[in-house]
Amino acid sequence: MRLVLGVDAGGTSTRAALFTLEGEVVRRGRAGGANPGALGPSVAAANLTSAVRAALSGATPPQVEAVVVGVAGSPAACAQMAAQVFRDVLPGVPVTSVGDLVTAFAAGTPLPSGSVLISGTGAIAAKIIDHRAVAIADGFGWQLGDEGSAFWLGRAAARTTIRTLAAPGLGGGGELVALVVRHLLPDGPGQDPVARLAAAVHARPPLALAELAPLVSRAAEAGDPVAARIVREAASRLVTTLRTVHDTGPVVLAGSVLTSAGPMRRTVTELLTTGTAGAADAGGVGTGGVGTGGVGAGGVVVAGDPAGAAAWLAARERLSAAQAEALHPAFTATA
């Protein structure tokens with residue numbers, strides 16, 4: 001049996017997927033994050049090893065012909081870590097380390113060039129040429145950027161909630177405020193909800209605010225105009241980020257915010273394809289100018305499984321162009 005291994009090593013989780021050359025998944029493995037810059041090289045390497053060994057259980061090294069690893073973080077550090085891990089786990093097997101931007105793009109299209117827009121905990125966009133990231137926008141982290149990310153949405157939700165609670169006479173409440181209070185103060189708002197909410201937010205790591213992002217989408221779907229405005233602003237920021245790098249070809253939407261069905265994905269897609277977003281898709285917010293029209297040929301597609309995409313990148317060197325294109329959906333189908 002001829003096998004290839006793909007790995008998606010992110011900041012919070014690592015997924016490994018073992019496939020046959022025909023696009024049949026054999027086994028998957030999962031572990032904690034493997035970004036050496038964020039977690040340290042020893043923790044990242046241990047998590048990468050754990051995910052890979054789980055996926056390889058029962059397979060022998062001679063069966064595995066190639067490995068592609070998509071890693072978030074410094075390219076040099078990631079390549080060094082991958083080489084170290086696979087030297088022990090799969091000695092002699094060729095290993096290619098690419099950025100997670102490349103695997104995210106490949107998860108959405110078999111074409112070699114276009115752009116990818118990622119909104120998860122953070123946010124980043126990249127122009128991809130021949131499966132290489134040649135231009136990048138944002139991705140600066142929550143303190144300096146990540147405009148339109150889950151963290152950005154969550155912080156906007158928390159700020160809106162505490163300001164509403166602090167000035168209830170200005171028309172207080174709404175679905176978003178109720179959802180955030182329920183999430184952060186499950187025992188109820190108490191006598192001083194402003195102080196309790198502030199304490200609850202500051203007691204947690206800053207990036208924990210990203211947990212509030214789904215509440216914004218939920219409230220926008222329920223017709224909350226405040227949540228809808230936050231959605232529209234976040235989508236506008238993401239589209240602005242993408243337009244700084246996009247040239248031609250498809251735009252792949254990736255990351256939990258954009259791969260989840262809901263108002264964020266709908267609004268971003270509308271803005272990218274037509275330059276405007278309908279009121280219903282924006283949750284009741286009117287249209288407004290973001291850019292000057294659609295993305296052009298190629299359209300907007302949603303990413304599938306990035307670990308499978310990494311395996312597809314490993315397999316495509318051993319397939320004809322027609323075979324690689326035909327098998328792309330099998331490799332990238334969401335696990």
Side-chain angles (χ1 to χ4, degrees), residues 4-19 25-57 67-75 77-79 81-82 84-86 89 95-108 116-124 126 139 141-142 146 149-154 204-214 252-260 264 302-314 331-335:
V4 289
L5 179 70
V7 182
D8 173 48
T12 56
S13 66
T14 300
R15 294 175 175 85
L18 186 67
F19 279 81
V25 64
V26 176
R27 194 172 293 102
R28 296 183 184 271
R30 184 171 180 175
N35 181 335
L39 301 171
S42 59
V43 172
N47 287 338
L48 177 60
T49 301
S50 178
V52 167
R53 288 194 183 281
L56 291 174
S57 178
V67 178
V68 169
V69 185
V71 192
S74 161
C78 293
M81 176 186 68
Q84 169 196 330
V85 167
F86 284 99
V89 177
V95 178
T96 302
S97 179
V98 300
D100 60 344
L101 292 166
V102 173
T103 50
F105 176 77
V116 61
L117 176 62
I118 301 176
S119 178
T121 302
I124 191 170
W142 65 271
D146 288 350
S149 65
F151 170 81
W152 189 97
L153 287 159
R204 309 167 77 205
L207 287 176
L209 283 174
E211 297 173 7
L212 303 180
V252 175
L253 304 182
S256 59
V257 172
L258 296 178
T259 56
S260 300
M264 276 298 299
V302 179
D305 175 28
W312 177 78
L313 288 171
F331 277 94
T332 58
T334 303

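- Across all their heavy atoms, V7 and A16 have their closest contact at CG2-CB, 4.1 Å.
- Among residues two or more places apart in sequence or in another chain, the ring-ring contact (aromatic ring centres under 6.0 Å, His included) test is passed with F86 by none.
- Between the OG1 atom of T259 and the CG atom of D305 there is a distance of 11.0 Å, given to the nearest 0.5 Å.
- Nearest heavy atoms, G29 versus A55: N-CB, 3.7 Å.
- At a threshold of 4.5 Å between non-hydrogen side-chain atoms, the residues F19 and V4 count as touching.
- Here the closest non-hydrogen pair linking G304 and P306 is O-CD, 3.2 Å.
- When all heavy atoms of A106 and A309 are compared, the pair lying nearest together is C-CB, 3.7 Å.
- Between R15 and A307, the shortest heavy-atom contact is O-CB, 3.6 Å.
- In terms of modelled atom types and a separation under 3.5 Å, the side chain of S50 and the main chain of A46 share no donor-acceptor contact.
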Take L258 and V302 through the side chain to side chain contact (heavy atoms under 4.5 Å, CB included) test and state the conclusion after the steps.
-> CA-CA 8 Å; L258 296 178; V302 179; over 6 Å; no
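- Without hydrogens or angle criteria, T14 side chain to R30 main chain gives no donor-acceptor distance under 3.5 Å.
- Residues A254 and A303 approach most closely at CB-CB, 3.9 Å, considering heavy atoms.
- With rounding to the nearest 0.5 angstrom, the CH2 atom of W142 is 7.0 Å from the CG atom of L207.
- Going from atom CG of L212 over to atom CZ of F151 covers 10.0 Å, rounded to the nearest 0.5 Å.
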Please report, to 0.1 Å, the donor-acceptor pairs under 3.5 Å made by any side chain of residues 95-104, with sequence neighbours excluded.
residue	atom	partner	partner atom	Å
T103	OG1	D100	O	3.1

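- At least one donor-acceptor pair under 3.5 Å links the side chain of N47 to the backbone N or O of G33.
- Rounded to the nearest 0.5 angstrom, T49 OG1 and M81 CE are separated by 8.5 Å.
- In this view, R204 and E211 satisfy the side-chain hydrogen bond (donor to acceptor under 3.5 Å, both in side chains) rule, not counting sequence neighbours.
- Separation of atoms OG (S149) and CD1 (I124) is listed at 11.5 Å; rounding is to 0.5 Å.
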